[in-house]
Structures are given as structure tokens and as C-alpha cells.
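Here is the structure we will look at, set down as C-alpha cells.
Counting from 1, the numbers follow the sequence of the chain as shown.
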Amino acid sequence: MPGPYVIRGSVVLPDAELMWRFSRSSGPGGQHVNTSDTQVELRFDVANTDALPPVWKERALERLADRLVDGVVSVRASEHRSQWRNREAAAVRLAGLLAEATAPPPRPRKATRIPRGINERRLREKKQRSDTKRGRSGRGWGP
């Protein structure tokens, strides 16, 4: 497979820790589907890996808790006809999943107040708009 799959920065998916499983795919391919193992299942043991820094590992275990089975995350790919392309798709998908799961949490929002002038301008414009609409009514036009 081409190139190491970068999770983030200099951290990559270690080839030695990737577990591959192949099976028959139900995807595109016609009669070819019935004879070849093109579906790919890629598994990675997040709980026991040494490739991730400890802080990243904790984040990944916490954020992927609903996807993990005994600390192992699994990704499937069967959208291509060839096993090779499905292997590529699964590895890229796993790297993206781990990158998202190990990302640092967003900075907390800094609470701010709305300036008084903005609020006053909004209320003044609402008043003008309501006066404009009130002036459109037909009251006071008849005999």
C-alpha cells in the first residue's frame, strides 16, 4: 500500500498494528463479485497501541467508545471493484476517524455582552418598520 497514513502531525498508522480481513462484497462488479474477496475490514487496536501519544489515546477511547469492541475500532470499505482500492479507502477512512477522535477539544467560548448601541439600533429599526406597516392599513381612508 502506498505511503504511511498520517493521523495528524508526525503520527502515522503503523502497518504492523493494522489487522486486515477480506470477504466477498455486495457492491459493484457483476459476476466478478461472486468470485473475489473485495470487501475490506480494517481493524485497529486503539486500547493497546503504542503509536498514539497517551493523551491522544485517552481522547480516542473516550470519543470512539460507542464504536469500539474490546478497544478495537473497525472500518469497512466495499465501494470499489478492486480489493486494492478498498484497502486504500478503508485506511484513509480509519486515519480520518482517528484524526477526528484525537483532535484537541475546541476552546471554550468566551462570554461577551451585546453592546447597548446595537440593541437600541435594532429596537429603533423595528419601531420604524412597524410604523411603515401600520401606515399601509386602510383605516381612516373611507367616508
Side-chain angles (χ1 to χ4, degrees), residues 1-139 141:
M1 283 182 11
Y5 294 96
V6 177
I7 295 173
R8 213 171 57 250
S10 61
V11 179
V12 296
L13 278 174
D15 288 334
E17 294 184 23
L18 298 179
M19 296 168 276
W20 298 94
R21 199 170 116 207
F22 308 102
S23 59
R24 295 208 174 122
S25 174
S26 62
Q31 292 178 355
H32 172 73
V33 171
N34 302 328
T35 60
S36 58
D37 293 339
T38 57
Q39 178 173 290
V40 174
E41 181 181 355
L42 176 58
R43 298 181 326 161
F44 181 68
D45 193 350
V46 178
N48 297 320
T49 186
D50 293 327
L52 299 176
V55 176
W56 288 18
K57 190 190 295 190
E58 287 175 29
R59 273 189 217 144
L61 288 171
E62 182 183 318
R63 292 181 184 166
L64 296 173
D66 57 336
R67 287 193 63 151
L68 296 177
V69 177
D70 296 328
V72 177
V73 67
S74 176
V75 174
R76 274 199 182 144
S78 62
E79 57 267 12
H80 300 290
R81 275 189 65 160
S82 76
Q83 186 186 99
W84 182 259
R85 287 180 66 193
N86 283 331
R87 286 174 66 121
E88 288 287 310
V92 168
R93 200 174 297 157
L94 179 64
L97 183 69
L98 289 173
E100 190 176 319
T102 59
R107 286 190 175 149
R109 182 186 174 277
K110 185 177 177 182
T112 58
R113 287 181 54 237
I114 298 174
R116 193 172 69 203
I118 290 178
N119 212 17
E120 288 174 357
R121 184 172 64 226
R122 180 183 63 84
L123 293 174
R124 189 172 50 248
E125 288 171 359
K126 281 182 70 164
K127 180 81 171 135
Q128 287 174 351
R129 184 78 177 145
S130 106
D131 290 343
T132 301
K133 288 189 171 191
R134 194 177 310 116
R136 291 181 187 156
S137 71
R139 286 184 283 148
W141 284 75

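- Tyr5 places none of its side-chain heavy atoms less than 4.5 Å from the side chain of Arg93.
- Side chain of Asn86 to backbone of Val40: no donor-acceptor contact under 3.5 angstrom is found.
- Between the side chains of Asn119 and Arg116, no donor-acceptor pair of N or O atoms lies under 3.5 Å.
- Taking 4.5 Å as the limit, some side-chain heavy atom of Ile7 sits within range of a side-chain heavy atom of Leu52.
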What do the steps show when you test Leu94 against Phe44 for side-chain contact (heavy atoms from CB on, under 4.5 Å), and what is the final call? CA-CA 8 Å; Leu94 179 64; Phe44 181 68; 3.7 Å; yes
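- Counting only heavy atoms from C-beta outward, the side chains of Glu58 and Val55 never approach each other to under 4.5 Å.
- In this structure, a donor-acceptor pair under 3.5 Å is present between the side chains of Ser74 and Glu41.
- By the 4.5 Å heavy-atom criterion applied to side chains, Pro104 and Arg8 are counted as neighbours.
- The local environment of CZ in Arg21 is sparse, with at most 12 non-hydrogen atoms from other residues, nucleotides or ligands closer than 6.0 Å.
- Each of Lys57, Arg59, Arg63 was scored for a side-chain contact (heavy atoms from CB on, under 4.5 Å) with Leu61, with one residue passing: Lys57.
- Around the CG atom of Asp70, the shell of radius 6.0 Å holds no more than 12 heavy atoms that belong to other residues, nucleotides or ligands.
- Heavy atoms of other residues, nucleotides or ligands lying less than 6.0 angstrom from CD of Glu17 number more than 12.
- Other residues, nucleotides and ligands place no more than 12 heavy atoms under 6.0 Å from the CD1 atom of Ile114.
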